[in-house]
There are 2 protein chains.
Amino acid sequence: MSRSHGRRLGRAGIRDVAAAAGVSITTVSDALNGKGRLPEATRRHVREVADRLGYRPSAAARTLRTGKSGLIGLTVTTYGEEPFTFTEFAYFAEMARAASSAALARGYALVILPGSTRQSPYDVWSNVALDGTVVIDPSDRDPVVTELVRQGVPVVSDGRPCGDLPVTAWVDNDHEAAVTGLLDHLAAAGARRIGLLTGTSTDTYTRLSTSAYLRWCERNGQPPVYEAYPAHDPCAGAVAADRLLARPDRPDAVYGLFDPNGTDLLAAARRYGLRVPDDLLLVCCSESAVYATTEPPVTTLSLKPGRIGTTVVQLLIDAIEGTGGGRPVQRIMPTDLIVRASSQRRRPQTTISAPRAPEQHS
Amino acid sequence: MSRSHGRRLGRAGIRDVAAAAGVSITTVSDALNGKGRLPEATRRHVREVADRLGYRPSAAARTLRTGKSGLIGLTVTTYGEEPFTFTEFAYFAEMARAASSAALARGYALVILPGSTRQSPYDVWSNVALDGTVVIDPSDRDPVVTELVRQGVPVVSDGRPCGDLPVTAWVDNDHEAAVTGLLDHLAAAGARRIGLLTGTSTDTYTRLSTSAYLRWCERNGQPPVYEAYPAHDPCAGAVAADRLLARPDRPDAVYGLFDPNGTDLLAAARRYGLRVPDDLLLVCCSESAVYATTEPPVTTLSLKPGRIGTTVVQLLIDAIEGTGGGRPVQRIMPTDLIVRASSQRRRPQTTISAPRAPEQHS
DNA sequence: CCAGCTTGCAGAATCGGTTCTTCACGCCCT
DNA sequence: AGGGCGTGAAGAACCGATTCTGCAAGCTGG
């Protein structure tokens with residue numbers, strides 16, 4: 001049974017299968033991969049023997065030979081010490097979930113990698129064979145991206161690349177349209193002075209959203225009222241929310257760019273005795289479901305991270321497999337304004353009904 | 001400059017470096033890996049040439065030769081169609097973040113893999129070379145785990161394995177102690193009849209928590225009051241919360257086993273005109289920061305997923321590298337009851353205070 | 001002066017598949 | 001009978017590193 005190969009404990013190689021089936025390794029490979037010219041009988045026989053031996057082809061050997069690993073990198077640009085500090089935790093989680101799902105559906109797996117790279121050629125990045133990489137919020141002249149592209153590895157980014165970063169493709173929301181639409185919505189609900197809670201960092205999301213706000217203010221003859229804070233600091237948000245509502249030119253509506261802004265603003269409003277939505281209209285950008293059940297429920301702008309994750313992966317795999325046509329692609333994805341009580345002057349429905357009325361004796 | 005190898009666009013191999021440096025490939029390998037007997041001058045020279053050529057060793061080749069890929073699988077048992085449907089979304093996200101971080105710190109990367117496997121030897125699982133795998137909530141006789149162990153791949157699980165699943169090691173919370181402590185806390189706050197919102201599924205978390213509740217009730221002479229619902233259905237939770245508060249033997253305190261239970265119960269309490277915490281004490285198990293800013297803030301039981309993720313990965317890498325002693329290991333991790341207003345009869349502090357106390361992270 | 005050790009490096013086997021090339025054989029057709 | 005063709009399968013190169021073995025030169029000590 002055992003060949004000269006001396007049977008490494010528990011693993012059968014292709015040579016073992018070949019020997020056991022009485023054929024050559026070429027035949028085994030062809031039979032299992034559906035290639036070559038083999039009668040169905042031989043294929044079946046080989047498959048049976050392989051099954052019996054519990055044969056698993058070596059991923060490393062296949063990758064070495066074919067140059068395809070079936071692995072896709074996923075990385076997010078980080079600001080602090082931690083490999084992953086997400087200001088948009090729910091966003092990232094959902095995006096990663098969808099991306100992973102889409103990749104799996106096409107036979108690829110996602111590898112989570114750090115945003116930075118050590119200079120040495122022996123960091124994690126070069127220790128894993130990647131067919132391509134997804135980069136979330138790439139920074140200007142990102143060294144990882146530059147290096148990957150130099151190596152000929154396709155890179156697709158979530159978020160427009162800053163500067164002249166040479167990504168293969170990118171996907172992003174239409175942030176300007178989203179902010180404009182949202183401000184129009186608030187204005188239609190009666191807002192006269194809309195404030196903004198924004199960030200101090202220079203990523204494209206913050207930049208585009210803020211400039212869209214400023215332009216909207218200009219077009220509508222409203223003086224901008226905003227507070228900026230370092231978005232990666234969880235405590236700073238609450239302070240900034242407080243500051244915004246403490247201003248002498250207190251806004252009568254606020255849009256918060258980041259996920260926790262909604263609860264922070266709600267808390268700040270309570271402290272100042274402001275009723276939402278009566279005294280203050282509220283919208284924030286969030287993927288979190290909790291805003292459906294806050295008191296009052298808060299209108300949110302969803303960036304649809306699931307759709308983004310799926311699209312990013314599709315584009316990347318298309319590029320990897322050469323299915324994508326070839327030229328660089330950019331795709332703009334729609335956002336979704338989920339209107340709830342916090343942004344409507346006149347509450348749609350004040351009587352509270354139970355999901356299943358407990359007593360229905362009328 | 002170019003050798004017989006015909007310079008594949010953009011990639012330099014070890015042979016190219018050897019040729020350019022005027023040494024053998026053995027010397028290049030040894031110099032770059034700090035092995036062999038080489039004078040520092042030669043090492044430096046080789047490193048410089050390698051840098052100049054932008055040499056990156058092939059991960060596939062190294063993996064094939066050494067048998068180590070530096071890759072760790074991460075998988076979660078799923079219940080529905082989706083590769084990832086998390087009832088405990090925040091839990092999983094934080095756990096994965098910490099696990100990824102810990103792995104990266106030790107030179108490994110995490111690969112996200114589906115919970116199931118297609119029968120064929122050609123699914124994603126066998127297409128990637130794994131040094132080990134982390135399994136979250138493995139089900140009874142999980143085929144993936146069984147197969148991996150058969151292949152000699154170390155497997156560490158988050159959550160006690162059901163049945164006689166042969167994992168290398170596992171990590172879990174002390175769910176019984178957590179529930180008992182939490183119920184004691186509620187009783188100390190004045191609760192006379194504590195209700196439970198639990199799940200219908202049979203995973204160990206649900207099982208252990210529920211049985212701890214039942215035993216506590218028995219010990220304390222309180223009749224159990226609970227409602228169970230399919231935890232993977234987001235809507236069912238709100239209905240179950242409502243049902244629990246609609247019962248004739250309405251509890252004066254409730255513990256919810258799942259993350260959304262807090263907001264659901266808060267909403268249900270509002271519908272029935274119950275004030276929290278005056279008429280109803282509330283605790284739920286959650287990793288979400290939103291409960292710090294709800295009205296009122298809700299006491300939560302944190303399972304400390306960050307710590308679990310870190311520990312799981314440490315144990316796994318120890319097993320991979322043989323550092324771990326060898327024998328199977330199980331580790332019980334503490335939980336953390338974050339006491340807020342919802343579980344204290346007498347509100348600790350009603351006056352308006354500074355924005356928000358920095359919440360303890362992980 | 002030479003055995004014996006150390007130092008510095010090269011050769012070649014090896015990991016386990018994929019795939020290109022070759023080849024034997026049987027059959028059909030002329 | 002023999003050339004051409006189609007079929008089934010084997011041989012061997014190859015992917016790009018790691019690593020074991022070997023060997024020449026230089027040095028030391030008896």
Side-chain angles (χ1 to χ4, degrees), chain A residues 3-19 21-46 49-50 53-70 121-122 126-129 131 151, chain B residues 3-8 10-19 21-46 49-50 53 55-70 121-122 126-129 131 151:
Chain A
R3 270 278 155 279
S4 57
H5 293 277
R7 192 153 239 39
R8 280 150 307 299
L9 304 81
R11 334 195 56 100
I14 196 173
R15 281 155 234 270
D16 300 309
V17 176
V23 297
S24 74
I25 60 169
T26 307
T27 303
V28 175
S29 179
D30 283 349
L32 261 26
N33 290 308
K35 303 195 171 174
R37 299 174 305 208
L38 298 177
E40 190 51 36
T42 307
R43 289 192 199 280
R44 233 195 346 265
H45 176 225
V46 170
V49 173
L53 265 50
Y55 168 67
R56 300 283 149 177
S58 148
R62 170 177 301 166
T63 300
L64 178 57
R65 185 68 238 258
T66 63
K68 317 251 109 236
S69 66
Y122 292 97
S126 56
N127 246 331
V128 35
D131 289 346
Q151 284 177 46
Chain B
R3 273 273 153 285
S4 58
H5 293 275
R7 191 151 241 38
R8 280 151 307 297
R11 333 194 59 97
I14 196 173
R15 282 156 235 272
D16 300 309
V17 177
V23 297
S24 75
I25 61 169
T26 307
T27 303
V28 175
S29 179
D30 284 348
L32 262 25
N33 289 309
K35 301 195 172 174
R37 301 173 304 209
L38 297 177
E40 190 50 38
T42 308
R43 288 192 200 281
R44 234 195 344 266
H45 176 225
V46 170
V49 173
L53 266 50
Y55 167 67
R56 300 283 148 178
S58 150
R62 171 177 300 167
T63 299
L64 176 58
R65 186 68 238 264
T66 63
K68 315 255 108 229
S69 65
Y122 291 97
S126 57
N127 246 331
V128 35
D131 289 347
Q151 286 177 44

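All values below were derived from every heavy atom in this structure, side-chain atoms included, with hydrogens, water molecules and symmetry-related copies excluded. Sequence lines set the chain letters: A, B, ... in the order given, protein chains first and strands last, and positions in each chain run from 1.
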Would you please name every residue forming a side chain to side chain contact (heavy atoms under 4.5 Å, CB included) with A:D30, sequence neighbours left out? A:T26, A:K35, A:L38

Could you check how far CZ of B:R11 sits from P of D:dC15, rounded to whole Å? 14 Å

Quick one: A:N33 CG to C:dC20 P, roughly how many Å, whole number? 13 Å

Rounding to a whole Å, what distance do you find between A:R56:CZ and C:dC15:C1'? 20 Å

To the nearest Å, give me how far apart CD (A:E40) and C1' (D:dG8) are. 14 Å

Rounded distance in Å - CG (B:L64) to C1' (D:dG16): 9 Å

Please state whether the phosphate of D:dT19, meaning OP1 or OP2, lies under 4.0 angstrom from any side-chain nitrogen or oxygen of B:K35. yes

Quick one: closest heavy-atom pair of A:G67 and A:D131, and the distance? O-OD1, 3.9 Å

Side chain to side chain contact (heavy atoms under 4.5 Å, CB included) against A:A129, all qualifying residues, sequence neighbours excluded: A:T63, A:S69, B:A59

Any pair with a residue in residues 36-45 of chain A that passes salt bridge (Lys or Arg N to Asp or Glu O under 4.0 Å), sequence neighbours left out, goes on the list, sorted by first then second residue, please. A:E40-A:R47

Between C:dG8 atom C1' and B:H45 atom NE2, what is the distance in whole Å? 15 Å

Note: A:L64 and B:L64 closest approach over all heavy atoms is CD2-CD2, 3.4 Å

For nucleotides 9-14 of chain C, give me one character per nucleotide, 5' to 3': B if any protein heavy atom sits under 4.0 Å from the base, S if the only such contacts are to the sugar-phosphate, - if neither. BBBBBB

Restricting to side-chain hydrogen bond (donor to acceptor under 3.5 Å, both in side chains), what partner residues turn up for B:T27, sequence neighbours left out? B:S24

Distance col, row B:R56:CZ vs B:I14:CD1, nearest 0.5 angstrom, shows 14.0 Å

To the nearest Å, how far apart are B:R43 CZ and C:dT7 C1'? 12 Å

Length of the line joining B:R15:CZ and D:dC14:P, which is rounded to integer Å: 11 Å

If you round to the nearest 0.5 Å, how far is OG of A:S29 from CZ of A:R62? 8.0 Å

Through what angle, rounded to 10 degrees, does the axis of the helix from C:dC1-D:dG30 to C:dT30-D:dA1 turn between its ends, using five pairs per end? 60°

Short side-chain N/O contact from A:Y55 to OP1 or OP2 of C:dG16, under 4.0 Å: no

Return the minimal non-hydrogen interatomic distance between B:A18 and B:V28, and the atom names on each side. CA-CG2, 3.6 Å

